[in-house]
Amino acid sequence: MSLIRVTLADGPVEVPRGTTPREILASLDRDAQANAVAARVTGEQIVGGEQVIDLDRPLDADVELEFLTFDDEAGREVYRHSAAHVLAQAVKRLFPEARLAIGPPIEEGFYYDFDVARPFTPEDLEAIEGEMQAIIKADYPIHREAVEPEAARHLFRDLNEQYKLEILDELPPDEPVSLYRQGEFVDLCRGPHLPSTGRLRAVKLLHAAGAYWRGDERNPMLQRIYGTAFESRADLDAYLKRLEEARRRDHRRLGRDLDLYSIHDEVGPGLVLWHPNGGIIRHLAEDFARQEHLRRGYGLVYSPHIANRRLWEISGHWDWYKENMYTPIDIDGVEYLLKPMNCPFHMMIYRSRPRSYKELPLRWAEWGTVYRYERSGVLHGLLRVRAFTQDDAHIFCREDQVEEVIQETVDFARDIIEAFGFHDYHVRLSLRDPETPEKYVGSDAIWERAEPALAGALDRMSLEYTPARGEANFYGPKIDILIRDALGREWQGPTIQLDFNLPERFDLTYKGPDNRDHRPVMIHRALFGSMERFFGLLIEHHGGAFPVWLAPVQARVIPIGERHLDYARAVADRVRAAGYRVEVDERDEKVGYKIRQAQLEKVPYMLVVGDREQQDQTVALRHRAEGDLGPWPLAEILARLAEDLRLRR
RNA sequence: GCUGGUGUAGCUCAGAGGUAGAGCGCUGUCCUCGUAAGACAGAUGUCGCCGGUUCGAAUCCGGCCACCAGCUCCA
């Protein structure tokens, strides 16, 4: 019998060919045995160099072997993928006519899609979850089986699993496919999986929702069941609790509780009213950003909210963006359209006179309010609305300036979002899909120069990013910065997009040193993205407890009794004179009541004044998070506020 | 737009064919108070909208609107 060499974390071992990871695991300690969910093998003879495999998959080459647990992302995926199979098995038992689609693990759990005659009810989910528990208890071994595609096709044809057949049709016809069996259940699946269903410890179904087959709305709608799975009941409970806490940070709830903004049927869905508390934050954010723009060489421009339909025909929006635009307004027999974007106006400014290479790059910014028709089901608080203000800008430059301009702009974007406390964001480089060049405008040559220029700029800044093939706009590649909301969903914030289309359509040119006309490269960019969305994300990021520089009320003076009112007002006057937003709670209530109010409103500082403070000319300082800080001279409080402002705390 | 769910006081929610309820908040009066809710009293309202069934509809039926979760799409 031939031996293979398996290298574990603590050194190599020689084992007979065909030994399984599980057999090797048997020689390790109990914890390792209890925690392993799958194995990762690395080696020259492994397809792709490394692979995650079942614990029962025989090894037939020299490999490095690493056991994966739930704590490894890959291990977690295996665990949850197996949970999805248990879900499918339970559904097949209770609803034999259900057709299986797909059931992958996702970031925080798993789902499985089914084609069923009637959608699942909450009661169905309970029953299914019960059946899953029975399947877990039965501890069916999970077997992998490699078969020829034709055999698999037979099997699924007999089982009437049309979606599995569709998937089979897209797999390479001459490579074996893998089937996974547990009890009476069989699924077409690449795996890997847990050794047995009993290995699952805490599983919970969360909700059901419709989802189109293959994510295409022309396809039939399937019923998707979402669930999650953890290694222990306690971890599952902790996760559910975290979801609950996230709900408390939801900007829609805080927006109302903190009186920041509102949306009304009478105004219209997706149309936001900013209240004074939200308005001051927006004002401060815009003010800060505007200063930064000027400092970085931007010009400020303004444009109207409507424009002649002809402009949108030139820009191409009328052709390819029509479904997002509102119906025309008739003015003296001419059609005008509400702007869904600001760019055409900036094109016209560029074109308003001849341009020289000497004046490039030109950077023009506008806080432009745009109007887009969004389908009714997609609106979401401040994060997805129908009228929003972009901190839009267009940069016109020569091709040789692209990389530098991109770099400067990414840098600007980071400075802005980090100033607001966002340090955990995700950069995505959206590239074209070279398979479908017909979907993009601009020559191959320009794409081939531009894409590496974007990547190069990110590399030079040592920024980690995810390249995304096929995510580019049809008019050019882009860099997006994604920010998470309270529930972990990612939203596009800053975006920097190259545009090969509009300079062409508007026939923009500049005179080069050769005295000939050249086409400028145009870059769209928005750093907040939209003020509405950014505000929504800002609310969730801080849980409503805005940093001092943004807090609508920075300090509230709380007099203990009526006789301290004059002193309270005097304190407030001095704080206000120093430039802060301060108010006095003059209501005839107990201190505890007023403090509770201020805490709930997340006012950063409470300045409590009574006999002692009045006597000593001090203030009893309380911070919303740190609590009672004792007596402070006013001058020191002002110094502390100044320091908070400086550090954007 | 699609699938499912939900719309009752400002908020959170109970009520399920017989004339609208709680807590918080709000208003008033009293209390003059030392770090997250003082006491008492009062007012909350087109039960999302329109239509139907019924002697009678918040409740049953139909249509519409909005919201929530997901899908598709996107700043």
Side-chain angles (χ1 to χ4, degrees), chain A residues 111 113 116 118-122 124-125 206-226 247 250 252-253 256-257 259 262-266 268-270 321 323-324 340-341 368 370 372-392 473 480-483 487 489 491-495 497 524-534 536-537 558-565 588-601 606-613 620-624 627-631:
Chain A
Y111 68 80
D113 286 346
V116 279
R118 117 186 124 68
F120 297 112
T121 64
D124 291 337
L125 290 195
L206 298 171
H207 53 268
Y212 300 104
W213 167 235
R214 307 216 147 156
D216 188 329
E217 62 182 322
R218 290 164 305 193
N219 285 339
M221 179 162 277
L222 309 173
Q223 293 302 316
R224 174 172 297 177
I225 297 179
Y226 284 90
R247 259 189 285 280
D250 191 309
R252 290 164 298 183
R253 181 197 177 96
R256 188 181 55 227
D257 289 352
D259 199 11
S262 60
I263 295 174
H264 308 263
D265 287 358
E266 294 86 339
Y321 206 70
E323 65 278 15
N324 287 295
M341 296 192 192
V370 296
R372 300 184 186 173
Y373 172 72
E374 298 287 353
R375 295 155 105 195
S376 60
V378 306
L379 300 174
H380 185 89
L382 291 172
L383 300 183
R384 191 78 185 274
V385 296
R386 284 182 172 154
F388 57 96
T389 302
Q390 294 180 306
D391 63 322
D392 206 359
N473 291 323
D480 294 324
I481 296 182
L482 306 171
I483 300 175
L487 291 171
R489 296 173 294 206
W491 297 84
Q492 184 176 311
T495 180
Q497 316 182 344
H524 306 256
R525 48 110 285 198
L527 304 184
F528 291 120
S530 85
M531 298 314 297
E532 284 74 7
R533 176 176 291 177
F534 189 82
L537 292 170
I558 298 176
I560 284 175
E562 217 171 314
R563 65 178 177 277
H564 310 118
L565 262 179
D588 191 9
E589 292 288 351
K590 291 194 153 185
V591 190
Y593 182 86
K594 292 194 252 194
I595 287 190
R596 180 179 151 80
Q597 281 291 309
Q599 286 288 148
L600 290 175
E601 290 170 36
M606 285 149 268
L607 278 43
V608 181
V609 293
D611 289 337
R612 288 199 297 271
E613 290 73 20
L621 186 64
R622 183 189 164 94
H623 184 264
R624 65 183 167 200
D628 191 353
L629 298 174

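The chains referred to below are lettered A, B, ... by the order of the sequence lines, with proteins before strands, and numbering in each begins at 1. Keep in mind that the numbers below use all heavy atoms, side chains included, and drop hydrogens, waters and symmetry copies.
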Distance in angstrom units between [X] [atom1] and [N] [atom2], rounded:
| X | N | atom1 | atom2 | value |
| --- | --- | --- | --- | --- |
| A/R533 | B/C74 | CZ | P | 12 Å |
| A/M341 | B/A75 | CE | P | 7 Å |
| A/N324 | B/U72 | CG | C1' | 13 Å |
| A/R596 | B/C24 | CZ | P | 11 Å |
| A/R525 | B/A75 | CZ | P | 15 Å |
| A/H564 | B/U35 | NE2 | P | 14 Å |
| A/H264 | B/C65 | NE2 | C1' | 17 Å |

Nucleotide forming a Watson-Crick or wobble pair with [N], both distances under 3.5 Å:
| N | result |
| --- | --- |
| B/C26 | B/G42 |
| B/A69 | B/U3 |
| B/A14 | none |

In terms of side-chain heavy atoms of [X], which of [options] is nearest?
| X | options | result |
| --- | --- | --- |
| A/Q497 | B/C71, B/A75, B/U32 | B/A75 |
| A/P269 | B/A36, B/A66, B/G70 | B/A66 |
| A/D628 | B/G25, B/C67, B/U35 | B/U35 |
| A/V608 | B/G34, B/A75, B/C31 | B/G34 |
| A/A211 | B/C71, B/U35, B/C33 | B/C71 |

N/O-N/O pairs, protein side and nucleotides 5-11 of chain B side, under 3.5 Å:
from, atom 1, to, atom 2, distance (Å)
B/C11, O3', A/R256, NH2, 3.4

Query raised in the report: Between A/Q599 and A/R622, does any side-chain donor sit less than 3.5 Å from a side-chain acceptor?
Result: yes
Report task. Look at all strands and tell whether A/G627 reaches a base, only sugar-phosphate, or nothing, counting heavy atoms closer than 4.0 Å. Result -> nothing
Query raised in the report: Should A/P269 and A/L379 count as side-chain neighbours, where that means a heavy-atom distance under 4.5 Å?
Result: yes
Requested in this report: Hey, which sits more toward the 5' end of RNA chain B by its nearest nucleotide, A/E217 or A/S530?
Outcome: A/E217
Report task. Report the residue (A/E589 or A/D250) whose heavy-atom-nearest nucleotide on RNA chain B is the more 5′ of the two. Result -> A/E589
Please determine whether a side-chain nitrogen or oxygen atom of [X] lies at a distance below 4.0 Å from atom OP1 or OP2 of [N].
| X | N | result |
| --- | --- | --- |
| A/R252 | B/A69 | yes |
| A/Y226 | B/C71 | yes |
| A/H380 | B/A69 | yes |
| A/R563 | B/C33 | yes |
| A/Q223 | B/U3 | no |

Distance criterion of 3.5 Å, no angle test: do you see the side chain of [X] paired donor-to-acceptor with the base of [N]?
| X | N | value |
| --- | --- | --- |
| A/R375 | B/U72 | yes |
| A/R218 | B/C2 | no |
| A/E266 | B/A66 | no |

